[in-house]
Amino acid sequence: MKTRVGFGFDTHRLGEGRPLILGGIHIASASGCIGHSDADVLIHAICDALFGAANMRDIGYHFPDTDSQYRGVDSTLLLKETCRLLSEEGWSIGNIDTTLVIQAPKINPHIPDMQKKLSEVMSIPVEDISIKAKTSEKLGFIGRGEGVSAYAVALIQK
Ligand code: MG
């Protein structure tokens, strides 16, 4: 059996009046991520980890932000398509581990809902999806509430 690991990273600016959507879940907040799609930074990091593991380039290669069909797109659709592209190449997903870095609001209460949502989208068990959340101790752009970052690793097999 072939086993591969991949790493993904993403960051988005935060702006007032935008919905905050993380891991496919809408979280009540005064500000949300700014981007061409729904700007779900966690899902974008997961897509890049999966593409990286399969050596299939990156999210911008498959879903370019110059393509108007992706304007405001629900990132769960991008993740679903990413999983489909990997499965077409014979890959199945072992597990994913992620870290969200955001100063506010508190993410921990939403993690079970995010895991459940991602499990449905990726068709893998909840226990194979780890989401960790932390602040940046008020340092830098994340600490000032100007943005949010996400990191992900994915293990795939065929
Ligand atoms: Mg992104």
Side-chain angles (χ1 to χ4, degrees), residues 4-54 56-67 70-83 86 93-122 124 126-156:
R4 292 288 183 271
V5 66
F7 170 76
F9 166 79
D10 196 25
T11 195
H12 277 266
R13 277 189 296 133
L14 283 170
E16 276 181 24
R18 287 272 303 184
L20 181 63
I21 298 164
L22 296 170
I25 297 294
H26 185 269
I27 295 170
S29 173
S31 55
C33 291
I34 298 168
H36 185 72
S37 65
D38 66 3
D40 191 326
V41 66
L42 180 61
I43 285 186
H44 296 176
I46 293 169
C47 289
D48 261 357
L50 292 166
F51 282 134
M56 288 171 67
R57 308 283 301 261
D58 58 37
I59 189 170
Y61 176 84
H62 292 278
F63 314 115
D65 65 6
T66 48
D67 188 334
Y70 299 121
R71 186 181 301 278
V73 73
D74 178 344
S75 291
T76 61
L77 299 177
L78 304 183
L79 179 57
K80 209 179 218 357
E81 177 64 4
T82 301
C83 294
L86 261 75
I93 299 164
N95 73 300
I96 61 163
D97 181 27
T98 66
T99 298
L100 250 178
V101 194
I102 184 168
Q103 194 60 43
K106 281 265 169 273
I107 299 302
N108 270 313
H110 304 286
I111 286 178
D113 285 344
M114 290 159 68
Q115 285 174 298
K116 187 167 175 287
K117 180 72 174 185
L118 293 176
S119 156
E120 288 162 10
V121 173
M122 301 177 75
I124 65 171
V126 170
E127 59 263 32
D128 293 334
I129 299 170
S130 154
I131 301 168
K132 310 182 298 297
K134 60 207 305 150
T135 70
S136 71
E137 297 285 340
K138 301 204 169 147
L139 293 169
F141 73 92
I142 293 173
R144 291 189 297 270
E146 294 167 6
V148 49
S149 290
Y151 304 82
V153 291
L155 187 100
I156 60 171

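Small disclaimer: the values here were computed from a predicted structure and weren't measured. Along the sequence shown, residues carry numbers from 1.
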message = My understanding is that only residues two or more places apart in sequence, or in another chain, count here; which of them pass side-chain contact (heavy atoms from CB on, under 4.5 Å) with Val126?
response =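 Gln115, Ser119.
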Does [X] use its side chain to pair, donor to acceptor, with the backbone of [Y] at less than 3.5 Å?
X: Arg18; Y: Ser31; answer: no
X: His62; Y: Met56; answer: yes
X: Ser29; Y: Gly32; answer: no

ask   = Quick one: ring-ring contact (aromatic ring centres under 6.0 Å, His included) partners of His12, sequence neighbours excluded?
value =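 Checked His12 against ring-ring contact (aromatic ring centres under 6.0 Å, His included); matches are His44.
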Considering non-hydrogen atoms only, spot the tightest contact between [X] and [Y] and give its length.
X: Asp58; Y: Phe51; value: C-CD1, 3.8 Å
X: Ile156; Y: Ala54; value: CD1-N, 3.5 Å
X: Tyr70; Y: Pro64; value: CD1-O, 3.4 Å
X: Ala152; Y: Ala49; value: O-CB, 3.6 Å
X: Pro112; Y: Asn108; value: CD-O, 3.9 Å
X: Lys117; Y: Thr76; value: CE-CG2, 4.0 Å

State, yes or no, whether a side-chain contact exists between [X] and [Y] at a heavy-atom distance under 4.5 Å.
X: Ser130; Y: Ile96; result: no
X: Ile21; Y: Ser75; result: no
X: Asp38; Y: Pro19; result: no
X: Thr135; Y: Ile142; result: no
X: Asp128; Y: Met122; result: no
X: Asp48; Y: Asp10; result: no
X: Thr11; Y: Phe141; result: yes

query = CG/Leu118 to CD1/Ile131 distance, rounded to the nearest 0.5 angstrom?
reply =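 Result: 5.0 Å between the selected atoms.
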request  = Supply the atom-to-atom distance Leu20 CG to His110 NE2, rounded to the nearest 0.5 angstrom.
outcome  =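 Rounded to the nearest 0.5 Å, the CG-NE2 separation comes out at 8.5 Å.
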[X] atom [atom1], neighbour heavy-atom count above 12 within 6.0 Å:
X: Arg13; atom1: CZ; answer: no
X: Lys132; atom1: NZ; answer: yes
X: Glu127; atom1: CD; answer: yes

From Ile102, Ile107, Val101, residue fulfilling side chain to side chain contact (heavy atoms under 4.5 Å, CB included) relative to Val148 =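 So, applying the side chain to side chain contact (heavy atoms under 4.5 Å, CB included) to Val148 and each of Ile102, Ile107, Val101, only Ile102 qualifies.
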query = Among all residues two or more places apart in sequence or in another chain, which pass the salt bridge (Lys or Arg N to Asp or Glu O under 4.0 Å) test with Lys116?
reply =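 Lys116 satisfies salt bridge (Lys or Arg N to Asp or Glu O under 4.0 Å) with Glu120 only.
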key: Thr82 and Ile59: CA distance, side-chain angles, deciding distance, side chain to side chain contact (heavy atoms under 4.5 Å, CB included) verdict   = CA-CA 8 Å; Thr82 301; Ile59 189 170; 5.8 Å; no
